[in-house]
Amino acid sequence: MIDLHSHILFGIDDGAKDIEMSLAMARLAVADGTTHIACTPHFMPGVYENNVPAITKLIATLEIAFLEKNINLTLIRGGDIHIAPDIAEKLSNGSLPTLGKSKYFLFEPPHHVVPPGVMQLCKGIMNAGYMPVLTHPERLTWIEKNYKLICALDELGVVVQITAGSITGTFGKRSQYWSERMLDEGRVDIIASDAHNIRSRPPGLSRARDVVAKRLGEAAATLMVKVNPDCILQNLPVSPKPERHVIEPKSEKKGFLARMGFE
Ligand SMILES: [Fe+2]
């Protein structure tokens, strides 16, 4: 399996604290069946001021440690790139990293605020020849009120990444509900771990893969953990999604005012 989102690089964000933790995370990933993992530290101005040369150097250090410790895991350079107006410009001048040598990159929206102008921003980025991979929409606190925006981004062609832990319930019922809904609506392109450590947010895709296989079939599960991530690394288009259909869940209870017909 290919995991395109992780914070396995040590000492540069809220992921692995030191090289020992990076190695422990790598061992867990390998044991779970991961062959390739993208190192995608945060690029968030004012919070995590990472840069491409520094992460390239850290990846080389970790690769040497893998050789010494016999860890058979391929590292791919990337970044968890927080939304910013100058993303296209910085991708083209090399100051922000894409995933490997592709034109795809992880695109992280703010967790608690709807990003204004995100459709226009994505259109501009795509016109510049890059492809956003929207990270974990199912965990955003604004998804309930703005699900149409997530759907519009999906329909624009933005690649949608769901977190493995959301599917298995690690992030709670809410993220699980939204991940299931997006899976059932045919909106998910890839599953990634977004691993940060070895305990609360460990690497590994197999449990989520199994849940998806039961829900949507083996082929769909393989598509999300292997085929599509591989297409991304080869800079090929991801597989077309099935026809999307919006689900109106029965369980969505209306509030008191709505039941009384006031909203
Ligand atoms: Fe992340």
Side-chain angles (χ1 to χ4, degrees), residues 1-17 21-22 24-26 28-29 32 34 36-52 54-55 58-59 62 73 75-84 87 90-91 96-100 102 104-113 115 118 131-143 150 153 158-168 170-172 174-176 178-179 182 188-205 208 224-225 228-229 232-233:
M1 291 181 288
I2 302 171
D3 185 356
L4 291 183
H5 187 167
S6 87
H7 298 264
I8 192 171
L9 274 191
F10 57 96
I12 52 168
D13 64 5
D14 56 345
K17 284 190 175 45
M21 190 178 281
S22 298
M25 288 169 75
L28 285 180
D32 193 66
T34 300
H36 298 66
I37 195 164
C39 306
T40 55
H42 291 291
F43 279 73
M44 192 185 281
V47 185
Y48 298 109
E49 298 281 0
N50 281 314
N51 65 78
V52 174
I55 64 169
L58 264 184
I59 290 172
L62 201 51
L73 181 65
L75 296 176
I76 294 142
R77 192 183 69 187
D80 195 357
I81 299 170
H82 197 72
I83 189 169
I87 283 182
K90 287 187 169 170
L91 286 168
L96 284 175
T98 57
L99 286 165
S102 77
Y104 292 84
F105 69 98
L106 295 190
F107 178 70
E108 189 198 35
H111 229 76
H112 303 297
V113 189
V118 68
M131 179 54 85
V133 177
L134 180 69
T135 60
H136 47 68
E138 81 285 1
R139 284 164 38 208
L140 302 172
T141 57
W142 46 267
I143 187 170
I150 305 290
L153 288 168
V158 166
V159 173
V160 176
Q161 177 250 300
I162 299 290
T163 313
S166 300
I167 296 168
T168 56
T170 310
F171 289 91
R174 192 180 154 272
S175 300
Q176 193 171 30
W178 284 106
S179 56
M182 278 188 272
V188 181
D189 294 286
I190 64 167
I191 298 168
S193 72
D194 196 3
H196 277 64
N197 51 48
I198 51 170
R199 296 201 192 284
S200 57
R201 296 180 68 181
L205 305 175
M224 291 172 201
V225 296
N228 277 340
I232 288 172
L233 293 180

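Read the numbers this way: they start at 1 and go in the same order the structure lists the ligands and their atoms. Predicted model only: the values in this text are computed from it and were never measured.
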Original post:
What residue among Glu138, His5, His136 forms side chain to side chain donor-acceptor pair (under 3.5 Å) with Gln161?
Top reply: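 So, applying the side chain to side chain donor-acceptor pair (under 3.5 Å) to Gln161 and each of Glu138, His5, His136, only His5 qualifies.
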ask   = Could you walk me through whether His82 and His111 pass the ring pair (Phe, Tyr, Trp, His ring centres under 6.0 Å) check?
value = CA-CA 10 Å; His82 197 72; His111 229 76; 9.5 Å; no
Query raised in the report: Taking only residues two or more places apart in sequence or in another chain, which ones pass salt bridge (Lys or Arg N to Asp or Glu O under 4.0 Å) with Lys90?
Result: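 For Lys90 the salt bridge (Lys or Arg N to Asp or Glu O under 4.0 Å) partners, ignoring immediate neighbours, are Asp86.
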> Residues two or more places apart in sequence or in another chain: which of them pass salt bridge (Lys or Arg N to Asp or Glu O under 4.0 Å) with Arg139?
Replying inline: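 Salt bridge (Lys or Arg N to Asp or Glu O under 4.0 Å) check on Arg139 returns Asp194.
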Separation between OG1 (Thr98) and CD1 (Ile81), nearest 0.5 Å, reads 8.0 Å
So, leaving waters aside, the tally of protein N/O/S atoms less than 2.8 Å from the Fe ion (ligand 1) stands at 4
Report, one line per pair, each donor and acceptor closer than 3.5 Å where one atom sits in a side chain of residues 9-16; sequence neighbours left out.
from	atom 1	to	atom 2	distance (Å)
Asp13	OD1	Gly15	N	2.8
Asp13	OD2	His7	ND1	2.7
Asp13	OD2	His42	N	3.0
Asp14	OD1	His42	NE2	3.0
Asp14	OD1	His196	NE2	3.4

